[in-house]
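Below you'll find the structure, written out as structure tokens, and then a few comments.
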Amino acid sequence: MAVTTAKVQVTGLARKLVMDGLLTEEVAAKAWEEAAASKIPFVSHVVSNQLVSATAVAQVAADEFGVPVLDISCIEIDADVTKLVQEKLVRENHALPIYKRGNRLFIAVSDPTNLQALDEIKFATRAQTEAILVEDDKLVKAIDKALDAADTSMGMGDDDDLEGLEDLEVAGDEPDTDDTGLDVDDAPVVKFVNKLLLDCMKKEASDIHIEPYEKFCRVRLRIDGVLIEVAKPPLALSNKIAARIKVMARLDVSERRVPQDGRIKLKLSKTKAIDFRVSTCPTLFGEKSVLRMLDSSMSIPIEALGYEDFQLKIFMTNLAKPYGMFLVTGPTGSGKTVSLYSGINLLNKTDVNISTAEDPVEINLPGVNQVQVDERTGMTFPKALKAFLRQDPDIILVGEIRDLETGNIAIKAAQTGHMVMSTLHTNDAPQTLTRMVDMGVKPFAIATSINIVTAQRLGRRLHSCKQAVDVPKEALLKEGFGQKELAKDNFSVYGPVGCDGCNSGFKGRVGVYQVVQISEEMKRLIMEGRNAIDLADQAQRERIPDLRQSALKKVRDGVLSLDELNRITQE
């Protein structure tokens with residue numbers, strides 16, 4: 001005997017969509033069931049599954065109920081109004097408070113028939129509620145944006161937005177206080193720190209800076225290489241926040257006079273984990289804490305780093321060489337480690353022995369023997385390198401060449417059949433070669449061991465919302481563009497605009513490179529003791545673009561803006 005199922009009866013706005021022919025009754029009934037099972041509003045379900053556009057749903061609702069549609073993306077929502085309603089209530093009811101006049105609270109909704117949402121908010125706030133109709137997709141973005149602003153303005157997160165953080169590995173939750181009397185497990189402080197970690201991941205920030213001053217404390221995130229202030233927690237909590245971070249990073253909470261370094265591991269799932277490298281430093285008005293996010297599961301293809309085709313070809317050719325030195329140079333935060341790790345990932349095979357000495361080890365690489373350099377225990381770069389050479393390595397990565405001893409051992413390893421990869425802090429490739437001479441490394445050793453030097457910077461990548469900008473021809477010539485390319489009909493310079501999908505017109509970062517393969521003529525100049533200017537001139541004669549010229553190419557391609565060009569390559 002066949003089993004019959006009761007037909008689902010759709011009501012309200014769903015029924016109106018069927019009557020207007022935007023949905024069939026069967027599709028509407030199925031969507032109604034699925035939305036109820038997923039515990040999400042019906043309108044959100046049909047819009048997110050592209051059954052009906054958000055604009056069409058809003059227009060039907062406006063015609064049916066005789067109310068206009070508000071473009072919520074064009075208004076600035078007051079964080080104080082958002083905070084009148086708990087985040088859990090906002091998300092569950094898909095309703096956002098946007099304005100208050102007297103005792104009347106105006107609520108943005110995408111389904112005006114959802115009277116239960118208005119009643120629950122009315123009960124919670126003791127205010128009269130009035131629905132304002134908005135498009136569902138814009139409401140979703142507005143809710144996320146408004147709740148983020150509300151969280152940072154009051155400086156404390158909400159438990160309900162911390163799903164996934166319950167598996168945070170914290171070594172030190174046992175003690176509730178330390179001998180300074182700070183309550184490091186104070187609930188608001190725990191929520192605030194957890195919220196910071198969550199926001200850092202959601203906004204794809206690279207660093208969190210927590211800075212106490214005399215009259216205030218501020219929190220900044222480095223997003224796409226630029227610091228942005230996101231919160232000002234109460235000054236009285238700054239010491240508790242620092243203590244909480246130290247507990248999570250397995251540091252000495254009672255020691256506040258010297259810098260400390262540690263790690264926080266955050267498990268998002270059984271296979272994915274995010275590490276935060278923690279550094280604390282005593283300042284005049286308390287301890288500054290900096291947390292750098294390290295995604296150990298992140299693997300960036302070498303093609304995505306921003307090398308031009310001819311640069312990538314040189315990079316790959318020298319990476320495949322069995323011996324010699326491969327150097328990457330640039331300031332802190334210029335992506336040197338990512339470039340080296342991308343190269344190591346390509347070389348990491350079962351028939352290759354790879355050893356690295358790093359300070360600190362930022363990302364765990366399975367199949368690679370990684371050594372943490374620690375001056376306090378006596379494990380220095382030279383000591384690690386000497387140990388590697390006794391263990392039959394094929395490839396050696398030295399985190400940084402800081403002194404003559406490290407430089408000499410690395411050079412000798414490169415001359416005796418090993419591929420040595422390392423970094424230096426110099427402004428460009430020619431300066432790297434003279435810097436090693438200044439350290440005391442002999443010019444002959446440099447000329448015969450170094451295969452390639454790559455200098456790099458990171459610039460903010462323009463988002464797709466970019467638009468062409470008018471710049472006077474004289475200004476473009478001054479920037480470094482040529483007369484011929486300015487005369488082309490298709491020549492354009494782009495600038496940031498800004499939209500809901502980017503950060504003030506930018507999204508992500510792109511590398512700008514100077515890739516110098518050491519030629520025979522450069523080797524001769526090095527052995528003659530020539531300076532960086534002579535080496536740079538020789539690179540130009542060999543038609544090797546410097547950092548500025550490489551960045552200009554990115555501007556021509558619409559990847560970088562002129563302001564970003566000058567920010568990362570200004571002499």
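This chain uses plain numbering: 1 for the first residue, then up along the sequence. Scope of the values below: all heavy atoms of this structure, side chains included, with no hydrogens, waters or symmetry mates.
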Are [X] and [Y] close enough for a salt bridge, meaning some N to O gap below 4.0 Å?
X	Y	answer
Arg567	Asp563	no
Lys553	Asp557	yes
Lys554	Glu564	no
Asp144	Arg91	yes
Glu25	Lys30	no

About how many Å separate [atom2] of [Y] and [atom1] of [X], when rounded to the nearest 0.5 Å?
X	Y	atom1	atom2	answer
Glu135	Ser53	CD	OG	8.0 Å
Leu197	Ile274	CG	CD1	10.5 Å
His209	Glu229	NE2	CD	13.0 Å
Ile77	Ile143	CD1	CD1	9.0 Å

Donor-acceptor pair between [X] and [Y] side chains, under 3.5 angstrom:
X	Y	answer
Ser334	Gln456	no
His94	Asp136	yes
Arg548	Thr569	yes

Can you find a pair of side-chain heavy atoms, one from [X] and one from [Y], that are under 4.5 Å apart?
X	Y	value
Trp32	Leu23	no
Val226	Phe506	no
Val81	Leu105	yes
Leu560	Ile568	yes

Quiz item: Under 3.5 Å, is there a donor-acceptor pair between the side chain of Arg292 and the main chain of Asp275?
Solution: no

Quiz item: Can you check whether Tyr513's main-chain N or O pairs, donor with acceptor, with Gln311's side chain at less than 3.5 Å?
Solution: yes

Quiz prompt | side chain to side chain donor-acceptor pair (under 3.5 Å) partner of Asn239, the single match among Glu287, Arg256, Arg244 | solution = Arg256

For atom [atom1] of [X], decide whether the heavy atoms of other residues, nucleotides or ligands shown that lie under 6.0 angstrom number more than 12.
X	atom1	answer
Asp309	CG	no
Phe123	CZ	no
Asp470	CG	no

Exercise. Could you check Lys141 against Asp137 for salt bridge (Lys or Arg N to Asp or Glu O under 4.0 Å), going step by step and ending with a plain yes or no?
Key: CA-CA 7 Å; Lys141 294 178 181 178; Asp137 54 351; over 6 Å; no

